[in-house]
Amino acid sequence: MTSETQTQVTSMQGDLALPRSNGEPVFAAPWESRAFGIAVALNEGGAYDWGDFQRRLANEIAAAPSDAEGTGYYERWLTSLESLLLDYGMVTQAELDARTAVYESGEIDDD
Amino acid sequence: MSRNHSGERHPEPQPYAALRTKAIDSLLVEKGLISTDAIDARVQAYEQDIGPLNGAKVVARAWTDAEFKARLLADGTSVVGEMGFFGAQGAEIVALENTPEVHNVVVCTLCSCYPWPVLGLPPRWYKSDAFRARIVIEPRAVLREFGLTLGDSIEVRVWDSNSDIRYMVLPERPKGTDGLSEEELVPLVTRDSMIGVAKAESPTRAV
């Protein structure tokens, strides 16, 4: 991880802090780590400014706080990522909905 | 056996968030905005590599700044906090100095307490029953298995981390590093050297 992104991502404090248990990152499911990796990798590639993502995440968390165990954190993360991708035109709502429906139907399983 | 049991890899319906993440993932990859490898690498870096660098910076500064070293040994928690490494959940961080006479090694015999703000995630072996039990009983033998053979004249001290105190080892500065700057010393400070199961790297090996 480049140091700037690393610092920005891991130094988020308070409600924005990444869920950890005894210091270890906590991903409750594979999709959570995937959503984490997508946001960080895009940022490192210069696709957007981390502060923009962080503001979206702060808004999402303020609207629906996670509980003490961090449940819901990565749902907020995913919503923030999605709004950022749409606003930047990296994906369209139609593309996203169509592709989600394909996965939902079980026609593709590329795990 | 039904077709569902033999043929399907996901017997449970997946949550919406998982499907949505897959959709985002696949679209971004198709558009060339991101690669699967880059995503994997970021997750792996976060899970495994973040921590030891912080500790290495602490050690390198202690090697080059005597006043800093004295303060680190006197009050590790404050000094580490000054460098911006927080979050040990209220636990003190205590630095233990290795010298030609004394070698320190850290364990958590109860579970896996670890000074993670400075060292990141504990390696798997740190959490193993074998390491936790044996390092206390036969530290020299265990250290030999890590490739570290200590002379009989060197005193080995084993420190048991717990929820109140997390220990980190300040390894000896390697020989032949007199001309190196603080930044150049950082890569010599390995995670294992700060747990005490290895010495810091020598400059030739690290390059």
Side-chain angles (χ1 to χ4, degrees), chain A residues 1-3 5-7 9-11 13 17-18 20-45 47 72 74-79 81-82 85-86 88 90-92 95-106 108-111, chain B residues 4 7-10 13-51 53-54 57 84-89 91 108 111-122 127 163 166:
Chain A
M1 212 179 267
T2 62
S3 60
T5 298
Q6 174 185 325
T7 306
V9 175
T10 59
S11 65
Q13 299 288 325
L18 299 163
R20 287 174 175 268
S21 171
N22 191 25
E24 304 200 24
V26 178
F27 295 122
W31 73 263
E32 295 189 352
S33 63
R34 206 69 194 159
F36 171 87
I38 293 168
V40 174
L42 276 177
N43 176 261
E44 287 195 2
Y74 282 105
E75 275 82 0
R76 320 278 176 269
W77 179 287
L78 179 64
T79 308
L81 175 63
E82 187 176 320
L85 295 174
L86 293 172
Y88 279 68
M90 287 187 260
V91 297
T92 67
E95 284 177 327
L96 203 48
D97 290 344
R99 185 61 58 90
T100 306
V102 171
Y103 279 112
E104 204 161 14
S105 72
I108 311 179
D109 184 354
D110 58 359
D111 270 354
Chain B
N4 276 353
E8 296 219 356
R9 292 167 62 204
H10 293 296
Q14 293 190 69
Y16 172 79
L19 299 169
R20 201 67 165 173
T21 303
K22 281 187 182 180
I24 290 173
D25 193 341
S26 64
L27 285 168
L28 293 175
V29 169
E30 275 172 25
K31 289 164 181 274
L33 292 169
I34 205 169
S35 76
T36 295
D37 285 350
I39 300 170
D40 290 343
R42 299 299 49 102
V43 173
Q44 206 173 358
Y46 173 57
E47 289 186 324
Q48 297 177 2
D49 298 339
I50 275 176
L53 182 62
N54 290 348
K57 289 176 180 170
F85 310 141
F86 296 105
Q89 291 155 336
C108 171
C111 47
S112 58
C113 293
Y114 194 70
W116 59 267
V118 277
L119 291 192
L121 304 183
K127 304 188 235 179
S163 57
R166 310 286 168 91

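Note on naming: letters A, B, ... go to the chains in the order of the sequence lines (proteins, then strands), and numbering restarts at 1 for each one.
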Quick one: [atom1] on [X] to [atom2] on [Y], what's the gap to the nearest 0.5 Å?
X: A:Ile38; Y: B:Leu28; atom1: CD1; atom2: CG; answer: 6.5 Å
X: B:Arg42; Y: A:Phe36; atom1: CZ; atom2: CZ; answer: 9.0 Å
X: B:Lys31; Y: A:Glu95; atom1: NZ; atom2: CD; answer: 3.5 Å
X: B:Thr21; Y: A:Trp77; atom1: OG1; atom2: CH2; answer: 12.0 Å

**Message:** Among A:Val91, A:Thr79, A:Leu81, which residue has the highest count of heavy-atom pairs closer than 4.5 Å to chain B?
**Reply:**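 Going by pairs under 4.5 Å, I would pick A:Val91.
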**Verdict with reasoning, B:Tyr16 to A:Thr100, per side chain to side chain contact (heavy atoms under 4.5 Å, CB included)** = CA-CA 8 Å; B:Tyr16 172 79; A:Thr100 306; 4.0 Å; yes
**Request:** Just jot down the side chain to side chain donor-acceptor pair (under 3.5 Å) partners of A:Glu104, sequence neighbours excluded, or say none.
**Result:**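 Side chain to side chain donor-acceptor pair (under 3.5 Å) check on A:Glu104 returns nothing, list empty.
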**Request:** State, to 0.1 Å, how close B:Pro15 and A:Trp31 come at their nearest heavy-atom pair, and which atoms those are.
**Result:**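 In terms of heavy atoms, the two residues are closest at CG-NE1, 4.4 Å.
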**Item:** Region of A:Ala35 in contact with chain B, defined by heavy-atom distances below 4.5 Å
**Value:**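 Looking at A:Ala35, backbone and side chain both touch chain B.
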**Request:** Give, as side chain, backbone, both or neither, the part of A:Leu96 having an atom under 4.5 angstrom from any heavy atom of chain B.
**Result:**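 Both parts, heavy atoms under 4.5 Å.
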When the side chains of residues 32-41 of chain B are checked against the rest of the protein, which donor-acceptor pairs come out under 3.5 Å, sequence neighbours left out?
residue	atom	partner	partner atom	Å
B:Ser35	OG	B:Ala38	N	3.0
B:Asp40	OD1	A:Arg34	NH1	2.6

